[in-house]
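Just so it is clear, the values below take in all heavy atoms, side chains as well, and ignore hydrogens, waters and symmetry mates. The sequence lines fix the lettering, A, B, ..., with proteins before strands; numbering per chain opens at 1.
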Protein chains: 2
Amino acid sequence: MGLTDAFDEPADTQEAVMAATYRALCRHGYAGLTIQRIADEFPKSKSLLYHHYESKDDLLLEFLAFMLEHFESTVPSREYDDAAAHLRGILGYVLPDTLDPERREFTRAMVELQAQAAHDEAYREHFTRSSRFFHDRIETVVECGIEEGVFREVDPDRIATLVVTAIDGARFRRSTAEVEETVPALRAELEATLESRLFADGTAGSSDASRDVEGVDGRPNGERGVDERPDASDDGGER
Amino acid sequence: MGLTDAFDEPADTQEAVMAATYRALCRHGYAGLTIQRIADEFPKSKSLLYHHYESKDDLLLEFLAFMLEHFESTVPSREYDDAAAHLRGILGYVLPDTLDPERREFTRAMVELQAQAAHDEAYREHFTRSSRFFHDRIETVVECGIEEGVFREVDPDRIATLVVTAIDGARFRRSTAEVEETVPALRAELEATLESRLFADGTAGSSDASRDVEGVDGRPNGERGVDERPDASDDGGER
DNA sequence: TTGTGCTGACTGAACGTTCAGTCACCAATG
DNA sequence: CATTGGTGACTGAACGTTCAGTCAGCACAA
């Protein structure tokens, strides 16, 4: 039911603490997160946390690092031969059409956590790094697409920034407003708009940029499904 | 130095409280915001706040409503004849290339505030409404563009969702990671990508979608400046 | 006098953090 | 083998602080 095997059967105390923190975050969100509530999520005592971590902040920072590591190792990377499909694969991974309750709660908590970076230097550093990792992944994909001649000669850095920003925006909005139903259409529009920029002018690519005009909500047509990854649901996929 | 005239010379106590809240938010952020610190920002006492507002939450909700009202009345609306320029105008308004310190702090605080909506129903309602307002504005612009024949027949609702999402993402990211330098390029790329989707195929519009490929950072060329609004800086422009 | 805007002192609860001490375990010593 | 000393994981009970919220009452206007 958890995020990883490590969470279901923690090997050591540190892993158990990470798992407990994850659960407490899901249950109570960041705003409602207390040391006591983390302790409540595992069989050891509250004081123990201070035996292993200097402070609440220290613990949370460790947790973020732990999650980032997990994320870095599970985001889709090598299983595509088509750059456009790879891009769609990543999008589908971090921006699933629907979120099961656990993952929805966790996404919300991560958004709260990231918001702390607005006034916390250490958090800010973390999310800067996390953001850069993701940016670079996408940049690489776009670069490949260009080298392979399937994309126009756009600026990969800029495209990557745009994509990362859109993803962050979607996570932020879906966590803080009632816009869940718009996510599938958003992703489709993002893909269509991107392709319109990346292919365009009949250069290459089979994408028909106007294909989803008529579908007001829901998935435009049957153009997805090709790139769905099998394990896209067992995982937090947060950044 | 404030946001509006009302802030520099509050007409009544309620306006003074709003102004004090604004200042306290800028100085301490949401995480550091206490009733005491709001009281410190104006000549009356802490208890007075409870005379006028039921609770801290009540006060903050009023503040959000106050800010939204202000925002609704200052976002660019009618001063463009070209839909594309109007779109750029809105983008430039909510996503300025640089943020003076006060506005940067305020933006951060607003992001923190919005993050609270992840686990607070009342906040969530507010930001849903706020988001919808903005979405509708953009949708209207796109609709006009289509009617005027300058845009292709895209889905205005979807385009609006995409734009709003990108803006939210940019605000979120610039507040929570060290990405300030990338904002101008991001906006340029967003504009270019949008235009590539909205015009395309040599249908209409003078936009050369590839114009800014070579400009790695900073503004791509001289294509902005036409649409800068004179008062784009005196205002929080938050949502 | 009655009411209104306002204040300073106060309260209760929540929470991060500390600390003295227990317990299981292990290695070295006699 | 039995004893001793030492170590690290772990605990329960506090401590100190911070804060939202309360309340009795003051000053002044009608």
Is a side-chain donor-acceptor pair under 3.5 Å present for B:Arg174 with B:Thr107?
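There is no such pair between these side chains.
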Is B:Arg27 paired with B:Glu41 through a side-chain N to carboxylate O contact shorter than 4.0 Å?
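Salt bridge: yes.
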With distance as the sole criterion, do the side chain of B:Ser45 and the base of C:dG8 form a donor-acceptor contact below 3.5 Å?
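No pair found.
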Under the criterion side chain to side chain contact (heavy atoms under 4.5 Å, CB included), I'd like the reasoning laid out for A:Phe71 against A:Phe133: C-alpha separation, chi angles, the key distance, then a yes or no.
CA-CA 10 Å; A:Phe71 176 72; A:Phe133 159 78; 3.8 Å; yes
Nearest heavy-atom neighbours spanning B:Gly29 and A:His119
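Nearest heavy atoms, B:Gly29 then A:His119: CA-CE1, 3.4 Å.
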If you look at every heavy atom in B:Tyr30 and B:Leu113, which pair is closest and at what distance?
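Closest pair (atom of B:Tyr30, atom of B:Leu113, distance): CD1-CD1, 3.2 Å.
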Rounding to an integer number of Å, can you tell me how far B:Ile35 CD1 sits from C:dG8 C1'?
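Atom CD1 in B:Ile35 sits about 16 Å away from atom C1' in C:dG8.
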Between C1' on C:dC6 and NZ on B:Lys44, what's the gap in Å once rounded to a whole number?
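Between C1' of C:dC6 and NZ of B:Lys44: 8 Å.
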Decide side chain to side chain contact (heavy atoms under 4.5 Å, CB included) for A:Leu91 and A:Val163; before the verdict, give the C-alpha distance in whole Å, the side-chain angles of both, and the deciding distance to 0.1 Å.
CA-CA 9 Å; A:Leu91 244 35; A:Val163 172; 4.0 Å; yes
Heavy atoms of chain B, cut-off under 4.0 Å: which first and last nucleotide of DNA chain D, 5' to 3', fall inside that, if you could look?
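Contacts span D:dC19 to D:dC23, reading 5' to 3'.
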Hey, which of these two, A:His52 or A:Lys46, hits DNA chain D nearer its 5' end, going by closest nucleotide?
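It is A:His52 whose nearest nucleotide is closer to the 5' end.
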What is the nucleic acid contact for [X], judged by heavy atoms within less than 4.0 Å: base, sugar-phosphate only, or nothing?
| X | answer |
| --- | --- |
| B:Ile38 | nothing |
| B:Thr34 | sugar-phosphate |
| B:Leu59 | nothing |

Let me spell it out: for each of A:Ser47 and A:Gln36, pick the nucleotide of DNA chain C with the closest heavy atom. Which residue's pick is nearer the 5' end?
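Per heavy-atom nearest nucleotide, the more 5' residue is A:Gln36.
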